[in-house]
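Here's the structure we're looking at; comments come further down.
Source: prediction; values computed, not measured.
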Amino acid sequence: MGAFFQNITQIFQTHGLAFLKASWITIEITAVSLVFATIIGLIFAFFKISGNILLQRIADIYITLIRGTPLIVQLMFLYYGISSLVTLSDFTAGALALGIHSGAYIAEIFRGAIQSIDRGQMEAARSLGMPYPLAMRRIIFPQALKRAIPPLGNQFIIGLKDSSLIAYIAVTELFNTALSVQGENYMPFETYFVVGVYYLILVFIFTLILNKVEARLDTGRSKTKKSRGEVRAA
């Protein structure tokens, strides 16, 4: 056991800076891919609720294809497909693939949140002479966004962990760095333990930020926590 912790300490001392740089790349590619995924998710969510058969079928095909195939297959398919058409950096290709993958799940999250709002609110807004886009933007979507925040948070954390797969297209993020380090020191168990700690810290920080956002928006989850606290206090 003593040798294990000695090896862990050695890895931190020798490769700590490399893991920190890789952590920053992981954060960058996760952030870029999630922005891209959110835009895609919004577009296809509105396709699904548009009432237009053609747009609904396009959204159905996209969501079915993405959810029905593994991320690693999509990553390789897009990476080699894009490389044959245009020149993209490994980082851009990885962020694009991750964004397209997460976009399918985020589209369903937004669709469910929007459709969970009572139809009467849209009918009331329209009866007051408010156009559909304005009613959606000012009445429906702000409420739907609050309901979507908790599942979006889960999807964002999944996106952060899924970013480890882009190691297979040579992006030097955390997992790729771990592969290089364990190839040098021949200590795979200790090296993957260290990289697991880095991922755990990133997810913990990400969760804290999401909790702050939920509290600021006063979502249903924060209300539930408050009500539980009130019950306990009583």
Side-chain angles (χ1 to χ4, degrees), residues 1-38 40 66 69-84 86-106 152-214:
M1 200 63 169
F4 173 76
F5 286 108
Q6 190 175 2
N7 292 337
I8 295 290
T9 305
Q10 181 187 343
I11 292 171
F12 271 113
Q13 290 175 342
T14 310
H15 301 286
L17 185 59
F19 277 119
L20 281 178
K21 289 180 179 177
S23 298
W24 180 246
I25 294 174
T26 295
I27 293 170
E28 280 186 323
I29 200 163
T30 301
V32 172
S33 66
L34 290 180
V35 169
F36 188 47
T38 303
I40 291 178
I66 296 299
T69 52
L71 173 56
I72 187 67
V73 174
Q74 297 164 15
L75 181 63
M76 293 300 174
F77 183 80
L78 287 170
Y79 178 64
Y80 290 107
I82 290 172
S83 299
S84 64
V86 293
T87 302
L88 290 177
S89 67
D90 297 337
F91 182 96
T92 304
L96 188 64
L98 289 172
I100 291 173
H101 179 79
S102 295
Y105 294 90
I106 291 177
L152 279 177
N154 288 332
Q155 187 58 44
F156 287 173
I157 289 172
I158 291 170
L160 173 66
K161 292 185 289 186
D162 281 349
S163 67
S164 61
L165 289 175
I166 62 171
Y168 294 104
I169 59 171
V171 177
T172 53
E173 46 70 64
L174 265 175
F175 188 67
N176 196 344
T177 303
L179 291 173
S180 301
V181 170
Q182 70 93 20
E184 293 176 13
N185 59 23
Y186 299 104
M187 294 186 290
F189 182 63
E190 291 88 344
T191 303
Y192 292 127
F193 179 87
V194 169
V195 79
V197 170
Y198 275 90
Y199 276 114
L200 191 62
I201 292 171
L202 290 181
V203 169
F204 180 71
I205 294 171
F206 211 41
T207 303
L208 286 179
I209 294 171
L210 289 170
N211 287 341
K212 291 286 185 185
V213 172
E214 286 185 28

T207 side chain near I157 side chain, heavy-atom distance below 4.5 Å
yes
Which value, rounded to the nearest 0.5 Å, describes the distance between L202 atom CG and T26 atom OG1?
6.5 Å
Minimum side-chain heavy-atom gap Y199-F204 below 4.5 Å:
no
How would you list, by chain and number, every residue that makes a ring pair (Phe, Tyr, Trp, His ring centres under 6.0 Å) with F91, sequence neighbours excluded?
none
Please examine the side chains of I72 and L75, heavy atoms only from C-beta on, and report whether any two atoms are closer than 4.5 Å.
yes
Output yes when a side-chain donor or acceptor of E173 lies under 3.5 Å from a complementary backbone atom of N176, and no otherwise.
yes
Inter-residue atom distance T177.OG1 - K21.NZ, 0.5 Å rounding
10.5 Å
Atom CD1 of I106 and atom CG of L152: how far apart are they, to the nearest 0.5 Å?
6.0 Å
Do F193 and V197 come within less than 4.5 Å of each other through their side chains, counting heavy atoms only?
yes
What's the spacing between I66 CD1 and H101 NE2 if we round to 0.5 Å?
8.0 Å
If you look at every heavy atom in Y79 and A93, which pair is closest and at what distance?
CD1-CB, 3.7 Å
Ring pair (Phe, Tyr, Trp, His ring centres under 6.0 Å) between F12 and F19, worked out
CA-CA 9 Å; F12 271 113; F19 277 119; 7.5 Å; no
How long is the gap from CD1 on I25 to CG on L174, to the nearest 0.5 Å?
9.0 Å
So, using side chain to side chain donor-acceptor pair (under 3.5 Å) as the criterion, who are the partners of Y105 when residues are at least two apart?
none
Roughly how far, to the nearest 0.5 Å, is the CD atom of Q182 from the CD atom of E190?
11.0 Å
Go through the steps to decide whether Y192 and F175 satisfy the test side chain to side chain contact (heavy atoms under 4.5 Å, CB included), and finish with yes or no.
CA-CA 8 Å; Y192 292 127; F175 188 67; 3.9 Å; yes
Please state whether the rings of F189 and F4 are parallel, tilted or perpendicular, taking 30° and 60° as the class boundaries.
tilted
Residues S102 and A37: closest non-hydrogen pair is CB-CB, 3.6 Å
Do M187 and I11 come close enough that some side-chain heavy atom pair is under 4.5 Å?
yes
Quick one: do V181 and T14 satisfy side chain to side chain contact (heavy atoms under 4.5 Å, CB included)? Show the steps, please.
CA-CA 10 Å; V181 170; T14 310; over 6 Å; no
Give every donor-acceptor pair under 3.5 Å between a side-chain atom in residues 160-172 and any protein atom, sequence neighbours left out.
from	atom 1	to	atom 2	distance (Å)
S163	OG	L160	O	2.5
S164	OG	K161	O	2.9

Determine the minimum heavy-atom distance between F36 and G99, stating which atoms define it.
CD2-CA, 3.8 Å
